[in-house]
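Notes follow the structure.
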Protein chains: 2
Amino acid sequence: MTVTLADVAARARVSPATVSRVLNGNYPVAAATRERVLKAVDELDYVLNATASSLAAATSDLVGILVNDIADPFFGIMAGAAQGAICESASGRAGGEKLAVVCNTGGSAERELTYLTLLQRQRAAAVVLTGGALEDPGHIAAVAAKLARLAEAGSRIVLCGRPALPGDASVAALAFDNRSGARRLTEHLLALGHRRIGYIAGPADRTTTRHRLEGHREAMAAAGLAGDAEGQERATLHGPYDRRCGYDAALELLRRDPELTAIVAANDTIALGACAALRDQGLRVPDDVSVAGFDDLPFSVDAVPGLTTVRLPLYEAGARAGRLAMGTEEPPPGGVATIAAELMVRGSTAGPRARP
Amino acid sequence: MTVTLADVAARARVSPATVSRVLNGNYPVAAATRERVLKAVDELDYVLNATASSLAAATSDLVGILVNDIADPFFGIMAGAAQGAICESASGRAGGEKLAVVCNTGGSAERELTYLTLLQRQRAAAVVLTGGALEDPGHIAAVAAKLARLAEAGSRIVLCGRPALPGDASVAALAFDNRSGARRLTEHLLALGHRRIGYIAGPADRTTTRHRLEGHREAMAAAGLAGDAEGQERATLHGPYDRRCGYDAALELLRRDPELTAIVAANDTIALGACAALRDQGLRVPDDVSVAGFDDLPFSVDAVPGLTTVRLPLYEAGARAGRLAMGTEEPPPGGVATIAAELMVRGSTAGPRARP
DNA sequence: GAGAACGTAGAAAGCGCTTACTGACGTCGT
DNA sequence: ACGACGTCAGTAAGCGCTTTCTACGTTCTC
């Protein structure tokens with residue numbers, strides 16, 4: 001029924017071992033024999049059975065890339081870059097093609113662990129985890145344990161845009177400098193003269209959310225605007241990284257402080273939702289309220305006005321993570337590299353102006 | 001070293017067969033025995049080796065989802081929905097978890113075939129192909145052949161947002177009604193009174209591009225505005241589905257016909273790029289030039305002005321494709337379902353007005 | 001109370017590959 | 001001319017599971 005290595009061997013009048021060696025190119029085979037085998041492969045339209053190969057060789061050609069939300073370009077860009085780099089790294093050696101697969105956790109702790117187990121089942125060659133982590137201690141421990149087992153079993157682990165694991169230098173980590181990016185963004189607003197600044201923070205239980213919020217508060221504190229804990233809470237709203245959250249939160253911030261002159265959002269999508277809300281309230285950006293985002297996603301430059309934001313080199317980081325996963329790039333010293341963020345000032349921020 | 005089924009069996013004092021049966025839940029095992037086995041699994045932190053399982057059972061828990069561009073939410077939304085549906089369908093049966101993996105072809109014919117081969121190697125349980133196909137006859141034939149071999153080997157094949165394969169009803173296809181969506185969009189512009197309409201079409205060699213362009217031209221022809229072939233060519237520009245293309249093409253269309261009053265783009269991303277170009281030229285949307293897109297991606301509603309576009313139920317289609325891939329939904333009669341598109345009129349289109 | 005029927009578990013034969021190990025030739029140095 | 005060596009190919013032993021077939025109590029059934 002299905003054609004196997006043995007069928008190819010029979011047709012080429014060689015032993016199965018020889019066919020295997022031709023296909024894997026890891027052992028000298030005489031040119032004439034090789035030709036004969038290749039011809040048989042072609043004629044029978046034979047495709048190696050990866051499950052059998054992996055089992056026998058105790059290797060795998062699967063590389064997993066975990067993302068929180070595949071519909072979000074933030075992850076799409078990183079994942080695409082990683083996948084590209086993996087294909088590229090693999091194309092060198094014969095038969096070394098890796099199947100780079102992206103797994104969408106939807107931000108769910110359970111799904112993340114399920115995927116990790118599935119990848120472990122598959123004895124994946126490497127796994128790349130992108131984006132911020134959930135800050136539940138139990139979950140962090142569970143993930144760390146899983147990653148340790150994976151690493152033990154020979155999988156390469158790479159974190160991309162995710163903080164390094166506490167106390168594990170064996171895992172390469174590419175961490176975004178969210179904190180100082182956020183700090184610089186808020187400093188920019190403060191320098192323009194804003195004092196009443198609202199912050200829309202993203203989901204409360206994620207590292208990315210926390211780091212950006214900390215950066216923002218650092219800047220506020222440095223300007224003597226920290227306020228008390230309650231005041232901070234009042235000026236900060238949490239919610240998912242989507243436009244709806246930005247829309248609703250902007251309305252709520254405005255309700256809490258009608259004199260607000262600026263809104264900083266934890267990502268561009270939220271920021272754009274906030275802009276829409278302001279517009280619907282008859283407020284102009286930046287004339288009445290300045291708005292800033294984070295990430296510099298492709299559509300942010302085309303927003304009207306262009307969105308002031310913090311640029312993260314998502315593509316470069318993803319590609320580097322892919323190379324790290326393939327072992328074609330040296331891990332950073334200490335296992336951790338911090339990726340700098342760059343402030344992008346566009347039209348959505350300007351000096352404050354009293355509203356009539 | 002690595003713990004195997006046999007280790008678990010030894011510790012639970014049962015045979016390997018029993019452990020396998022407990023783990024797969026496909027055979028009666030006494031409750032007490034099951035407990036003992038589960039305890040041993042837990043204590044040894046054992047994880048099934050999927051390569052061995054797949055080899056022995058001649059099955060696979062891999063489902064591949066092919067996308068053209070993972071960074072594009074058009075694909076991200078479909079892929080995420082499909083992946084969700086697959087997880088959901090799988091969660092019922094014990095051990096039935098599928099590893100839904102998305103593969104990014106980058107729109108390259110070569111990568112598409114490579115991934116298909118890799119998936120075939122893995123004996124994937126199903127493969128979902130999303131988005132338009134490349135219209136190179138050689139490539140189409142190669143893909144059709146690969147899919148035939150995959151189907152023959154027992155993989156379920158589902159096309160999502162991709163036209164049905166010529167002459168193969170065994171493959172379920174969810175085809176978007178791009179043609180009539182585009183027709184209705186252009187009719188809307190014509191009804192507003194536009195006569196000089198430019199079209200930015202996307203990459204020349206893709207089915208989606210062609211179908212949308214055909215719909216547009218149908219509407220133009222029905223209004224007696226078909227013009228000759230040369231005129232059509234002049235009013236149509238091709239390029240990638242990105243903002244840059246939209247920006248450049250809008251400039252070029254304007255150069256070719258300064259009296260242009262409307263631009264229709266083959267997708268929202270292009271449309272937004274076109275809006276940016278118009279703005280940079282000092283032209284207002286929709287006052288000076290109306291702009292329309294296609295897809296209704298999440299950010300289109302927040303564009304300023306809101307983008308008139310054609311809504312495709314990407315999420316629903318992706319989820320349905322996922323269920324089809326899992327066999328939890330009946331394939332449509334004849335193997336093909338056409339997914340309707342809905343016109344979304346927003347602020348970016350209005351009646352033409354002579355420019356000073 | 002004998003035999004059928006049932007529920008549960010083990011033995012063992014693969015699944016389709018990879019890869020030591022082994023062997024058959026030539027070729028080369030001396 | 002002879003042994004040492006290098007090159008290429010075959011043999012066969014698994015890799016870690018699944019599953020068929022068999023076996024051994026129990027519980028019914030008449």
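Numbers restart at 1 for each chain; the letters A, B, ... are given by sequence-line order, proteins then strands.
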Specify the separation, in whole Å, of atom [atom1] of [X] and atom [atom2] of [N].
X         : N       : atom1 : atom2 : value
Asp61(A)  : dT18(C) : CG    : C1'   : 14 Å
Arg121(A) : dC15(D) : CZ    : P     : 21 Å
Asp7(B)   : dC17(D) : CG    : P     : 9 Å
Arg13(B)  : dA9(C)  : CZ    : P     : 15 Å
Leu5(A)   : dA12(D) : CG    : C1'   : 15 Å

Closest to the [X] side chain, choosing from [options]:
X        : options                   : value
Tyr27(B) : dC17(D), dC8(D), dA9(C)   : dA9(C)
Ser15(A) : dC8(D), dT18(D), dG10(D)  : dG10(D)
Arg21(B) : dG16(C), dT19(D), dC8(D)  : dT19(D)
Thr4(A)  : dG16(C), dA9(D), dA9(C)   : dG16(C)
Ala17(A) : dC21(D), dT19(C), dT19(D) : dT19(C)
Val14(A) : dG10(D), dG16(C), dG10(C) : dG10(D)

Item to complete: Starting from the C-alpha separation in whole Å, work towards a yes-or-no answer on side chain to side chain donor-acceptor pair (under 3.5 Å) for Thr51(B) and Ser54(A).
Response: CA-CA 6 Å; Thr51(B) 59; Ser54(A) 293; 5.7 Å; no
Item to complete: Can you see which heavy atom on Leu48(A) is nearest to which on Arg123(B), and at what distance?
Response: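 Residues Leu48(A) and Arg123(B), closest heavy atoms: O-NH1, 3.7 Å.
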Worksheet item: Can you name the closest pair of heavy atoms from Gly131(B) and Met78(B) and give their distance?
Response: N-CE, 4.2 Å
Worksheet, complete the sentence: Those stems involving DNA chain C that have three or more consecutive Watson-Crick or G-U pairs, both distances under 3.5 Å, are C:1-30 with D:1-30
Practice prompt. Name all residues meeting the side-chain contact (heavy atoms from CB on, under 4.5 Å) criterion together with Ala40(A); count only those two or more places apart in sequence or in a different chain, and write none if there are none.
Written response: Val8(A), Arg11(A), Ala12(A)
Worksheet entry | Touch class at under 4.0 angstrom, heavy-atom based, for Asn26(B) against every strand present |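 Sugar-phosphate only.
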Discussion item. Distance alone, cut at 3.5 Å: any donor-acceptor contact between the side chains of Ser108(B) and Thr105(B)?
Written reply: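 Looking only at side-chain atoms, Thr105(B) and Ser108(B) do not form any donor-acceptor pair under 3.5 Å.
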Item to complete: Could you check Arg36(A) against Glu43(A) for salt bridge (Lys or Arg N to Asp or Glu O under 4.0 Å), going step by step and ending with a plain yes or no?
Response: CA-CA 11 Å; Arg36(A) 209 138 38 85; Glu43(A) 288 168 353; over 6 Å; no
Worksheet item: Taking atom CD of Glu35(B) and atom CG of Leu38(B), what is their separation to the nearest 0.5 Å?
Response: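 Between atom CD of Glu35(B) and atom CG of Leu38(B) there are 6.0 Å.
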Worksheet entry | Residue from Ile70(A), Thr130(A), Val128(A) passing side-chain contact (heavy atoms from CB on, under 4.5 Å) with Val102(A) |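 Exactly one option meets the side-chain contact (heavy atoms from CB on, under 4.5 Å) with Val102(A), and it is Ile70(A).
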Worksheet item: Could one point to a donor on the side chain of Arg123(B) or the base of dG16(C) with an acceptor on the other under 3.5 Å away?
Response: no
Worksheet item: So which of residues 40-57 of chain B are in contact with DNA chain C, with a heavy-atom cut-off of under 4.0 Å?
Response: Leu55(B), Ala56(B)
Discussion item. The test is salt bridge (Lys or Arg N to Asp or Glu O under 4.0 Å); show your working for Glu329(B) and Arg320(B) and say whether it passes.
Written reply: CA-CA 8 Å; Glu329(B) 174 171 323; Arg320(B) 189 164 168 198; 2.8 Å; yes
Worksheet entry | Side-chain N or O of Ser20(A) closer than 4.0 Å to phosphate OP1/OP2 of dT19(C) | no
